[in-house]
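Throughout, a chain's letter reflects where its sequence line sits, starting with A, and its residues are numbered from 1.
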Amino acid sequence: MTNKEVAKLLREVAAVYLLKEENRFRTIAYERAADTIDASTVDVEDLWKEGKLTSLPGVGSSISSYLEELFKTGEVKHFDSVRKKVPEAMFALLDIPGFGPKRALQLTKELHITSPKSAIDDLLRAAGQGKIARLAGFGEKSQKDIVESIQRFQKGQLKENRITLPVASVIADEVGEYLQRHRDVFEAIPLGSLRRQVATIGDIDFAVSTKNPESVLGWFLKYPKKQELIERGPTGASIVLTNGRQVDVRVQDPKTFGSMVQYFTGSKQHNIHLRELALKQGYSLNEYGIKPLTKSKSKKGYGNNYNKKKNLYEFQKEEGFYRFLGMHWIPPEIREDRGEIEASLANRLPELVKMQDIKGDLHIHTSYDLKPSHDLGSSDLKEILKYADVRKYEYVGISDHNPRVSEHSEIEILSIMKRRKSYYEQIYSSTKSTRVKLFLMLEIDILPDGKLALPQNSFAYIDAAIVSIHSVFNMDKSRMTQRILSGLSHPKAKILGHPTGRLLTKREGYDVDWDEIFTFCGKHNKALEINAYPQRLDLPDDLVRDAIRKGVRLVISTDSHDVTHMDLMRYGVSVARRGWAQKGDILNTLPYNKFKEWLIS
DNA sequence: GCCGTTTTCGGCCCGACTGTTTTCAGTCG
């Protein structure tokens with residue numbers, strides 16, 4: 001059962017509780033648990049198997065025992081009986097944006113919609129006959145809105161409604177550039193999941209600092225790639241682009257910009273926790289600033305300005321906002337309510353790894369044709385060295401795929417590997433201008449039986465190897481784990497490439513016992529890769545954090561198949577930062593000699 | 001139903017927008 005399915009089930013239970021006016025905090029609790037599970041990149045069913053369900057924030061003894069029943073038997077008796085209290089067709093409508101439990105229930109009841117399968121079509125038909133507009137609480141406008149909302153939803157479903165971080169970043173850069181062209185815009189920065197650098201992004205949110213919101217919003221609505229307007233108010237607007245992406249813009253005066261940036265960066269759970277904390281200190285938080293619950297408070301020297309009329313402390317920058325609450329500024333990447341607030345209060349925030357710390361890229365495919373098992377790159381070594389030089393790297397690792405084993409004899413592979421080595425050595429020595437050092441590596445398939453797809457005598461021609469899974473992804477957990485451990489056991493296998501094998505928005509990762517992998521890597525000095533390739537971003541951030549906690553070290557690489565891909569490094573760094581990685585956790589922050597010592601040992 | 005640097009009981013985040021309303025309910029982020 002996928003996380004999405006589990007989350008949906010919990011949301012349905014929450015919806016019924018809401019309708020039946022149960023304790024409203026119980027409803028909130030179910031919604032919160034659903035949110036956490038939805039956002040978790042670890043499979044919740046796996047967490048259950050490991051007995052760690054309650055480690056998820058919002059999942060306590062009660063929900064975890066229901067989930068246990070769910071995973072064991074495929075159903076939860078209590079949930080079933082709760083769901084039966086309302087017409088089943090209602091749940092089909094909850095997926096549509098703009099539909100909450102109350103409207104969904106009212107519509108299914110009053111329009112006599114009974115089949116979950118045809119519920120959405122039935123609703124569309126009723127709208128076409130003008131039946132919705134006649135219901136209490138509805139009108140012509142809401143009937144029209146419902147039809148449009150359903151159409152957008154159906155279109156979005158076909159398309160896949162989240163995109164990868166790198167894709168979203170490109171769109172956001174364009175929008176940001178456009179917004180900046182307006183002369184009243186002081187600052188325009190992406191917020192929300194984009195600012196937190198989450199691996200997949202839904203909507204793209206922007207904050208704009210300006211003293212002329214009216215004009216700036218007008219400019220935004222004239223964005224050339226706008227397809228339709230969703231809404232517009234005095235403080236913001238939302239549009240859909242021609243590529244189907246929704247972009248939300250919020251405008252605010254520079255003097256309260258810091259609070260807004262903080263507020264809309266989120267995450268939701270981070271902000272909720274922050275507001276609870278503030279309440280205990282006697283303050284209420286909102287996107288305009290910090291409001292004392294009593295009028296007598298007076299606090300100065302936090303980069304704030306006290307607005308007497310509104311009884312509100314205003315902040316130009318986020319730093320002051322956090323400092324006011326007795327905290328250090330928290331990097332957006334870790335604002336997920338996973339302990340960062342406590343760490344900040346205790347002055348124990350990690351010093352997260354930075355782009356400038358990276359000294360080399362170890363996973364680069366070249367155009368040299370060694371009859372590889374998978375795709376070739378499109379750039380040659382000279383281009384790569386030149387680009388690495390521009391990036392001020394000290395070293396690069398060339399990691400082509402291994403030669404195809406099915407089509408070559410061991411002797412042929414040996415000669416291919418020999419030729420490759422001398423070819424690269426010749427190119428490298430003829431590139432006198434470069435300071436960049438070279439590692440001759442290879443990305444080797446771990447075959448289903450755990451063997452590496454390179455004959456033993458060929459290993460003499462490489463410095464070290466990245467080993468990866470590229471076939472037969474559906475093995476059961478223990479066999480897959482053994483397969484990986486067996487591949488990693490070779491003395492020259494130093495790095496596990498794209499460890500989970502996930503392809504964002506396309507394919508889940510394979511089933512692996514991470515504890516076992518982490519323990520092995522820690523003991524034998526192997527590294528896990530954070531692969532920065534847009535569809536991978538693999539190891540995922542939460543596993544990065546688990547790995548680090550277990551003392552495992554990591555390498556951030558781009559898996560470049562073209563010299564321009566080397567620019568993707570920053571996304572790998574983002575993943576590492578989201579996993580609380582510090583410089584010392586990432587091996588390719590080491591200078592050349594130290595790194596070489598680890599790689600060739 | 002969850003949770004804990006005041007708590008194992010007694011609390012539990014905040015505002016904007018929309019449509020249908022004459023003062024609010026529902027939904028969203």
Next item on the list: To the nearest Å, give me how far apart OH (Y66(A)) and C1' (dC2(B)) are.
Entry: 14 Å
Check: Is any side-chain heavy atom of L191(A) closer than 4.5 Å to a side-chain heavy atom of Y263(A)?
Finding: no
Notebook entry, point to check: Distance check: side-chain N/O of S61(A) vs OP1/OP2 of dG1(B), anything under 4.0 Å?
Noted result: no
Next item on the list: Report the residue (K141(A) or L285(A)) whose heavy-atom-nearest nucleotide on DNA chain B is the more 5′ of the two.
Entry: L285(A)
Checklist line | OP1 or OP2 of dC14(B) under 4.0 Å from side-chain N/O of S284(A) | finding: yes
Next item on the list: Would you mind building the protein contact string for nucleotides 23-29 of chain B? One character per nucleotide, 5' to 3', B for base within reach (heavy atoms under 4.0 Å), S for sugar-phosphate only, - for untouched.
Entry: ---SSSB
Next item on the list: Determine the Euclidean distance between corresponding P atoms of dC17(B) and dT22(B); express it in Å to zero decimal places.
Entry: 22 Å
Note to self: A side-chain contact here means heavy atoms from C-beta on lying under 4.5 Å apart; do Q262(A) and Y322(A) qualify?
What the structure shows: yes
Next item on the list: Assign each of E342(A) and V59(A) to its nearest nucleotide of DNA chain B by heavy atoms, then name whichever residue's nucleotide is nearer the 5' end.
Entry: V59(A)
Check: Whole-Å distance between dC12(B) C1' and H273(A) NE2?
Finding: 13 Å
Check: Ring centroid separation for F186(A) and F257(A), is it under 6.0 angstrom?
Finding: no
Next item on the list: Quickly work out the I146(A) CD1 to dG19(B) P distance and round it to whole Å.
Entry: 11 Å
Check: Do side-chain atoms of E69(A) reach the backbone of K77(A) as a donor and acceptor pair under 3.5 angstrom?
Finding: yes
Next item on the list: Figure out the CG/C1' separation between L277(A) and dC12(B), and round it to whole Å.
Entry: 14 Å
Next item on the list: Taking the side chain as every heavy atom from C-beta outward, state whether I334(A) and R578(A) have any atom pair closer than 4.5 Å.
Entry: no
Notebook entry, point to check: Within less than 4.0 Å of OP1 or OP2 of dT20(B), is there a side-chain N or O belonging to S142(A)?
Noted result: yes
